[in-house]
Undergrad: 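Submitted below is the structure of interest, expressed as structure tokens.
To find a chain, count down the sequence lines: A is the first, B the second, and so on, and within it residues start at 1.
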Amino acid sequence: MTRFALVLFSILSTQILAAQEISYSLKPIKIAENTYVLRGSDKEINTSNGGHIANTGFITTAKCTVVFDTGPSKLYGQELLKVIKNISSKPICLVLNSHFHPDHFLGNAAFEKSSLKALGKTTQQIGRHGEHFRSNYYEALGIWMRDTELTPPSEITKKQFELGGHQLSILPFSGHSGADLVLFDKTTGVLFAGDLVFHNRAPATAHTPGIAWWLNDLEKLKLLNAKTIVPGHGPVTQAETAISSTSTYLTWLDQLMKASATEGLEIMDIIETDIPTHLNNQKMIRYEISRSAIHLYPKYEDAIFE
Amino acid sequence: MKILKYLLIINSCFISAWLNAAEDPFKSTFWEYVSEKHLEGKPYYFDDRIKVSGPDFAENSAQVPIRVDAIDFPSEQIEKIIVFVDFNPISHVLTFKPVQQVQPRFSTKIKLEKASPVRAALLDKQGNWHIGGVFIRASGGGCALPPSGDQQASLQNLLATKSHVVPRSSSTRIKLKTIHPMSTGLQAGTEEFYVNNLTVLNEKEEVMAEIEMTAAVAQDPSFNLTSDQNNQFFLVELEDSKGNKAKKRLE
Ligand SMILES: [Zn+2]
């Protein structure tokens, strides 16, 4: 191609891109009676996935619809609303945010404000860090974020209730982010676990109060005897499989950091560590190890210092 | 790499010519500026033996871990190693002088204003610079929080130093962390205040390594060094920009 043609081509393709309507092209997957999931991409947020990396979902009860997480942007929230309208004509009565990470709540901007609910601590965390997240996302995703205003949820008070034929419980945990809400539907056995559970996708540990804490939460989740888990990231699967995917990784990471701190190793040694073969199925593992090394490893080092 | 070392022994002039790749591998727009500022007008070469590593992205731009490793460079030929960051307002981060019994290899945490090449330049005894570097993106995913750090907290225990010394078969790992705000003075109402000298000594109080810092080193500076001796303990002497001093036994 001549230089002239190349320039012409790049001008044209930019124009085509600008003219094209961006869309998340959401495809709901039915995972149980009245229960649907929108699978996020197991990648970093980027301009092709528009920030849709977390799973979202909803339960269309006979009375009204419950939404679990709202995705990364107003556009996402609007498309999620359309998906729901296509499946159920009932109103949306409850929109939950599992925790304060931006891939889970920035879509709030598309929903009725009074329906938005989260744990009390989550509302505080969003108040403190929400604007910063929103601007991070604008910078990384550009046009996907248009009109996304920060729309904070209010604290949820009702934790156990029957809704249109579904027995629902909302349970508070803290292992992933300090305040992690899960939604358990006893009627279908589906547990919306938020980011307490990652399945075949390496867990993000930047804001954990401690891995021991998180592992303890996973033990409690097991006791719910859920059938199916909708993890925050990674494919929907049997509860046991998803929980053990998360705990296997976390246990390995915890041991690696403890042993490395004892040996006097440094952050870069963690970042460059060899990944054991049994963890090869964990997507984004290099990326998450690097983040964990930076955020968590100094705590392990501090514990060893004289 | 083996061949390279071999050639070096035979003919160091030839090697200098061979290494002469004067073009910045990062093609940084600031290269001309930072090279003039830090390289004292001496000849320089981009040299694979000077390895700088860091994460792909900073995650916390106030505490970015880096490692500088010049273990493949003949240690008796090393005068000093400087670390600088093209796009930092304070581009010079530190100068490391290995004196004796210490490997030309260290890690620390630095501040990163924005995505930038982070470079280590080794000055050899002939007066030539050998340069390596790594490019670090300033932010990670969208979940990164703004850099935090309570500088007031560091004032409480100024120059208090914690350490961890791990003897190995023929070397010793030394890890130390000293409490200091390391203020850049770039924010309104703050003044520059940082540790400027850190000296590591052996049991006989002989200097092993000297590190000169700027406020571009992260708050509560931490260093990992490796001694090629099997010492039970080491000493560190610290001095900050206001003349506060401390001496601490590392064990
Ligand atoms: Zn999360």
Undergrad: Sequence neighbours excluded and cut-off under 3.5 Å, please list the side-chain donor-acceptor pairs for residues 153-160 of chain B, or say none.
TA:
residue : atom : partner : partner atom : Å
B:S154  : OG   : B:Q219  : NE2          : 2.7
B:S154  : OG   : B:D220  : OD1          : 2.7

Undergrad: Could you check A:I267, A:D269, A:I270 and say which one makes a side-chain contact (heavy atoms from CB on, under 4.5 Å) with B:P65?
TA: A:I267
Undergrad: Salt bridge check, B:K175 against A:E266: does any charged N sit closer than 4.0 Å to a carboxylate O?
TA: no
Undergrad: For A:H295 and B:E59, test the side chains for any donor-to-acceptor distance below 3.5 angstrom and give the result as yes or no.
TA: yes
Undergrad: If you take all heavy atoms of A:P298 and B:K109, which pair is closest and at what distance?
TA: CG-NZ, 4.0 Å
Undergrad: Counting only non-hydrogen atoms closer than 4.5 Å, does B:R173 touch chain A with its backbone (N, CA, C, O), its side chain (CB onward), both, or neither?
TA: side chain
Undergrad: With a 4.0 Å cut-off, would you call A:E272 and B:R67 a salt bridge?
TA: yes
Undergrad: Tell me the closest heavy-atom pair linking A:I294 and B:A58, and the distance in Å.
TA: CD1-O, 3.7 Å
Undergrad: Could you look at A:P72 and say if it's the side chain, the backbone, both or neither that has a heavy atom under 4.5 Å from chain B?
TA: neither
Undergrad: Is A:R286 salt-bridged to B:D56, going by a charged N under 4.0 Å from an acidic O?
TA: no
Undergrad: Heavy-atom cut-off 4.5 Å, strictly under: side chain, backbone, both or neither for A:S135 against chain B?
TA: neither
Undergrad: Would you please name every residue forming a ring-ring contact (aromatic ring centres under 6.0 Å, His included) with B:F106, sequence neighbours left out?
TA: B:F96
Undergrad: Does a side-chain heavy-atom distance below 4.5 Å link A:E301 with B:S222?
TA: no
Undergrad: Side chain from CB out, backbone as N, CA, C, O: work out which of these in A:A261 comes under 4.5 Å of a heavy atom of chain B, or both, or neither.
TA: backbone
Undergrad: By a 4.5 Å heavy-atom criterion (distance strictly below it), what part of A:Y297 contacts chain B: side chain, backbone, both, or neither?
TA: side chain
Undergrad: Between A:D302, A:N46, A:L265, which residue shows the highest count of heavy-atom pairs closer than 4.5 Å to chain B?
TA: A:L265
Undergrad: When rounded to the nearest 0.5 angstrom, what distance separates CE in A:M268 from CG in B:N224?
TA: 11.5 Å
